[in-house]
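Just so you know, these numbers use all the heavy atoms, side chains as well, and skip hydrogens, waters and symmetry mates. Naming: A, B, ... by sequence-line order, numbering from 1 per chain.
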Amino acid sequence: MTDERTLDLLEAKIEELRQLNAMDGMDLSKEIARLEEKLAVLRQDLYSNLTDWERVRIARHPKRPYALDYIASVFSDFYELRGDRIVGDDRALLAGLARLEGRPVALLAQQKGRTTEENKERFFGMTRPQGYRKAKRVMELAERFGLPLVSLIDTSGAYPGVESEELNIGGAIAENLQTMAGLRVPTVAVVIGEGGSGGALAIGLADRVLMLENAIYSVITPEGAAAILWKDKERAREAATALQMTAPHLLELGLIDGVVPEPLGGAHKNPAITSAALKEAVVHHVNELAAFPLDQLLAARYARYRNVGRYSARPVTDS
Amino acid sequence: MTDERTLDLLEAKIEELRQLNAMDGMDLSKEIARLEEKLAVLRQDLYSNLTDWERVRIARHPKRPYALDYIASVFSDFYELRGDRIVGDDRALLAGLARLEGRPVALLAQQKGRTTEENKERFFGMTRPQGYRKAKRVMELAERFGLPLVSLIDTSGAYPGVESEELNIGGAIAENLQTMAGLRVPTVAVVIGEGGSGGALAIGLADRVLMLENAIYSVITPEGAAAILWKDKERAREAATALQMTAPHLLELGLIDGVVPEPLGGAHKNPAITSAALKEAVVHHVNELAAFPLDQLLAARYARYRNVGRYSARPVTDS
Amino acid sequence: MSLFKERQYLRVHVDREPDDSLWMKCKSCGELVFKRRVRENSNVCPSCGEYFFQTSQERLESILDPGSYEPFGERLAANDPLSFTDSRAYQERVAEAQAKTGLDDAILIGRGAIEGIPVVIGVMDFRFIGGSMGSVVGEQICRAIEASIADRRGFVLISSSGGARIQEGMFSLLQMAKTVTVRRRLAEAGLPFVSVMTYPTTGGVEASIASLGDIIIAEKGAMIGFAGRRVIEQTIAEELPAHFQTESFALERGQIDRVVRREDLRSELAVALGFFVGAR
Amino acid sequence: MSLFKERQYLRVHVDREPDDSLWMKCKSCGELVFKRRVRENSNVCPSCGEYFFQTSQERLESILDPGSYEPFGERLAANDPLSFTDSRAYQERVAEAQAKTGLDDAILIGRGAIEGIPVVIGVMDFRFIGGSMGSVVGEQICRAIEASIADRRGFVLISSSGGARIQEGMFSLLQMAKTVTVRRRLAEAGLPFVSVMTYPTTGGVEASIASLGDIIIAEKGAMIGFAGRRVIEQTIAEELPAHFQTESFALERGQIDRVVRREDLRSELAVALGFFVGAR
Ligand SMILES: [Zn+2]
Ligand SMILES: [Zn+2]
């Protein structure tokens, strides 16, 4: 199958032809139109049946929009709240208030860095205990004022460092889960890129869990699984498939509530369209949840998480 | 007036005479009895009209019993709970569960060190943010299980260090106050030695506030006040008087609920008797509070703290 | 339009010392600047951005909508519960501070509006015995919070305080407990409390009400901390980090939500409070 | 007296490998020690104090009152929701673990008593696929908690787990959410949860149910942490402190309440639970 780079080259050629066409008197419009059709077909071929590994690569694509790229268009008036009131402020997990079509909401958003400088500040998008405790503080703020809580998840995982362990990162994640389990406001979580294990779930125990079409959500990175289970880091591609970490798989497994469509080739091909789709989905679910009586909302959340998992009764045998 | 050291010398002499009396055939019992009477009179003179500054010195006496000296006799089964679940464990503020005449209670206790080694570990009895956050955790544990909370206060103040500020010690104290203000269990605080400002109040916002007879409780140390207000550290004695920081003064001002008697000369003269008096007082107040319906308890606590303070209406003048 | 409605019982000396000159020289950049211009610019030098000291009255003026300020009816003044005298009598200190500032005590409270959003606001004043919190400040904060609840308005407290008022002894310390006790009720009523920390917010004020904002904003140039620098330096016998207890230190350490320039405080408060308008 | 009542459906292989010898040699001190003596001593060497590995069955035996253990009626076994195969099929791994341990999955749960105090107890078993928490472990923890609430007994969980069970993918990760969701109900019912962390308590178990004990006790020799040492070393490219993620590290860092020797765990639990007997 044609790969992405070849298509990009073809697209560039078409653009060159278009300029030539404009400059000179000669009429290439028919030929250009035909080439464009061809390009569209090739693109459709390439992208519409993405393998799991291709989705992993799109989810991690360096040009993929990050949380802040969406926040400005999905929400208005993002008003950042910083700090855990204890140790520090984590720049890999942003928190604050914002408006969603005018409705005040509380927002949690994991943010990766694009430049080296930014990645240093944001610890490559990996959340530290300071970030989880800030998130908990803002969850409680949301509860106090009855504001729906929206989480945008995008992290390869919680930051694995000495300081993280010193500051009880496991305890911080556990407390966030406990807080979200009973939070008396509607909660919506969207995995916009990577949903990395407990580091993602810590802000993801929500009434509705959505994923962008090419986002992934997994108990472990494909590389981690390959190293542990296959004893071979190179087999990440196989692991990615086996773990069923893509949005379509997780929807089929009944573990998420919806998939937000991305343009062909991924969100980075057209951030504006992705953003619009994301907004539509978030607005829809927040509105739907806000219409529920609170006790029903909490009962539904309880039932959802109480019942997740697949097991069988083990028959009594004398083997 | 005779000072404490002279009395100690006299007491030692009497003891020597007593030994002589036992050893030899000669009968000194009458002379000894007379000396003992004299000693008792002198002691009474010395101790029954302690100046404020003398009480400050007794409150800080290096032989004064500290929290752990009382815990073993006032409570049974002290079961220590450590750590704030975030940063660390403060050895200057102990927390845990214990039994008070069989009744399970939660216990907070500020503990000074006696040796250099111990003082290093306990930061000279000055509580750090880790200690306040541990206290908050145990307050919430008490609330969850309906256990009365008893605080033993003994600190010259919260620990003033760089790390304390880095860890938001002011915020930690504020949160403890907020937690205690609404804690849905009976709360009793006893100042057993030094009640040093916000560092003491952070575990002292209680339904009943008691003080040992020679304990002090103040907005600032006498030395601190002397330095700030008199611009002369040497005038701490005056400051101690002006600040009305002793138990009798604070009882008279209506700011505490009771004074637990100490033996003549201070708790260190007879820790067992002091301990028995402390136990009696704590048992009495816990039992009394536990008999109240919770909403009345909370209403009374609210009224108490809402109304503390003395001010006047300022007449409208045209001056 | 004057911020302060003419009420006999609130005499506000916005200019601390009567001064007929229309111009002042900025100590930082040396420029001669038009005084009214400085006032209108939240006491920030229009030429170089240097912050001049702002009194509580000036703060109210720079934050509230013109004409919206309504002080509470009853004026309170410090009692002297300990008959306290150090190098001077406490009562003298109070009288002098009252004369110097035109205030009853170290706080102004009242109702007002910020960009149309009704609030109850308290502004502490460092000129009044270091902005210290004694019985009057504690009581006024409680009354302000109770008014917030009664009117269902948000509460804004602008702190500028060295801490507790030593001269009132334990009465002063217990104002920490008092203000926090009442603050809980505001939370239970679902109303927001925005705490603004300025230079300085320390000691017993920092360790009680000021640290309990739903949102905590520090003004650029603020000093934020519990213990004083001198005390800490004596304890640890070391020099302190350069930006210790500055607003950027507090931000890095996760103690506050935001740092704002004084010129932006008004719009900042309007945005923050706006999220809670009509909150449950 | 046997701890385990004779029930056909619970076959417990307390001795992992059948071994007729009555004596074993301690790897630490080299002494020949009487095996039954070791068993009775919570698998601690009676000669030198070295801890030998303790299975979940042995743990139950060393903690519960003799004859008090009653496993729950329904046995559950892992499903294979992802039809997962790495170097081997998940189903094979499970079958092998079942055969090796005599367990259905990585946890034993049931009712019992500790020094007369009724409890519901769960004991994880590291031998079963690293004690990992998949759907069965998650479900069993929830059932245990629900039984605690129904019977108004305290809940004790003894963790020994590397974390989530990778082979169940997201089903496994979500067991963190599941167990925590049910744990909240226990708190609401006013019943205590004592979490005991042993070697190892890491990953998704540490970052969920195990860290939410009202009281958290670590066994001497425990390993406690979220991320694995290897992962951290790769991230920071530094060597880790010597006692990193040990029980003493966790104690110093304020993450746990107490460290106890295995021999004392039983009496420790009795004391802890005793405070809550008859709690509201
Ligand atoms: Zn200037
Ligand atoms: Zn041995």
Inset, instruction - Name, in order of residue number, those residues of residues 250-258 of chain D that have a heavy atom at a distance of less than 4.5 Å from a heavy atom in chain A; otherwise write 'none'. - result: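 Against chain A, the residues of residues 250-258 of chain D that fall inside the cut-off (heavy atoms, under 4.5 Å) are D/R253, D/Q255.
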
Legend entry - Residues of residues 204-211 of chain D with any heavy atom under 4.5 Å of a heavy atom in chain A: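 Near chain A, by residue number: D/E206, D/A207, D/S208, D/S211.
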
Using a cut-off of under 4.5 Å for heavy-atom pairs, which of [options] has the most such pairs with chain D?
| options | value |
| --- | --- |
| A/E165, A/M126, A/H249 | A/E165 |
| A/D232, A/I220, A/L201 | A/L201 |
| A/G182, A/A158, A/A313 | A/G182 |
| A/F124, A/Y217, A/Y311 | A/Y311 |
| A/N307, A/V219, A/T241 | A/V219 |
| A/L167, A/N168, A/L205 | A/N168 |

Inset, instruction - Go through D/V182 and A/Y302 one step at a time and tell me if the side-chain contact (heavy atoms from CB on, under 4.5 Å) criterion holds. - result: CA-CA 8 Å; D/V182 177; A/Y302 186 85; 3.6 Å; yes

Inset, instruction - Measure the shortest side-chain to side-chain distance between D/E139 and A/R306 over non-hydrogen atoms and say whether it is less than 4.5 angstrom. - result: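 Result yes, sub-4.5 Å side-chain heavy-atom pair found.
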
Residue part contacting chain A, namely of [X], when any heavy atom lies under 4.5 Å:
| X | value |
| --- | --- |
| D/L82 | both |
| D/T202 | neither |
| D/R229 | neither |
| D/Q140 | neither |

With respect to chain A, which residue among [options] yields the maximal number of heavy-atom pairs within a distance under 4.5 Å?
| options | answer |
| --- | --- |
| D/E233, D/E146, D/E74 | D/E146 |
| D/V136, D/T181, D/I216 | D/T181 |
| D/V231, D/L212, D/T179, D/I224 | D/L212 |
| D/R185, D/R183, D/Q245 | D/R185 |

Inset, instruction - Please confirm whether the backbone N or O of A/R310 pairs with a side-chain atom of D/S135, one donor and one acceptor, at under 3.5 Å? - result: yes

Got a second to check how far [X]'s [atom1] is from [Y]'s [atom2], nearest 0.5 Å?
| X | Y | atom1 | atom2 | result |
| --- | --- | --- | --- | --- |
| A/I228 | D/D86 | CD1 | CG | 10.5 Å |
| A/S197 | D/M170 | OG | CE | 8.5 Å |
| A/L243 | D/F84 | CG | CZ | 4.5 Å |
| A/M245 | D/L173 | CE | CG | 11.0 Å |
| A/L229 | D/Q167 | CG | CD | 5.0 Å |
| D/F249 | A/E166 | CZ | CD | 5.0 Å |

I'd like to know whether [atom1] of [X] has more than 12 heavy-atom contacts from other residues, nucleotides or ligands below 6.0 angstrom.
| X | atom1 | value |
| --- | --- | --- |
| A/R60 | CZ | yes |
| A/R237 | CZ | no |
| D/E239 | CD | no |
| A/E234 | CD | no |
| D/E188 | CD | yes |
| D/R88 | CZ | yes |
| D/Q91 | CD | no |

Legend entry - Which atoms of A/Y159 approach chain D - backbone, side chain, both or neither, heavy atom under 4.5 Å: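 It is the side chain, since no backbone atom gets that close.
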
Legend entry - Close contacts, residues 171-181 of chain A versus chain D, judged by heavy atoms under 4.5 Å: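 Within residues 171-181 of chain A, the residues that come under 4.5 Å of chain D (heavy atoms only) are A/G171, A/I173, A/A174, A/E175, A/L177, A/Q178, A/T179, A/A181.
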
Legend entry - A/A225 to D/I166 - nearest heavy-atom pair and separation: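 So the minimum-distance heavy-atom pair works out to CB-CG2, 4.3 Å.
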
Legend entry - From CA spacing to verdict: side-chain contact (heavy atoms from CB on, under 4.5 Å), D/V180, A/Y305: CA-CA 9 Å; D/V180 169; A/Y305 288 102; over 6 Å; no

Legend entry - Residues which pass side-chain hydrogen bond (donor to acceptor under 3.5 Å, both in side chains) with A/R235, listed by chain and number, not counting sequence neighbours: A/E238

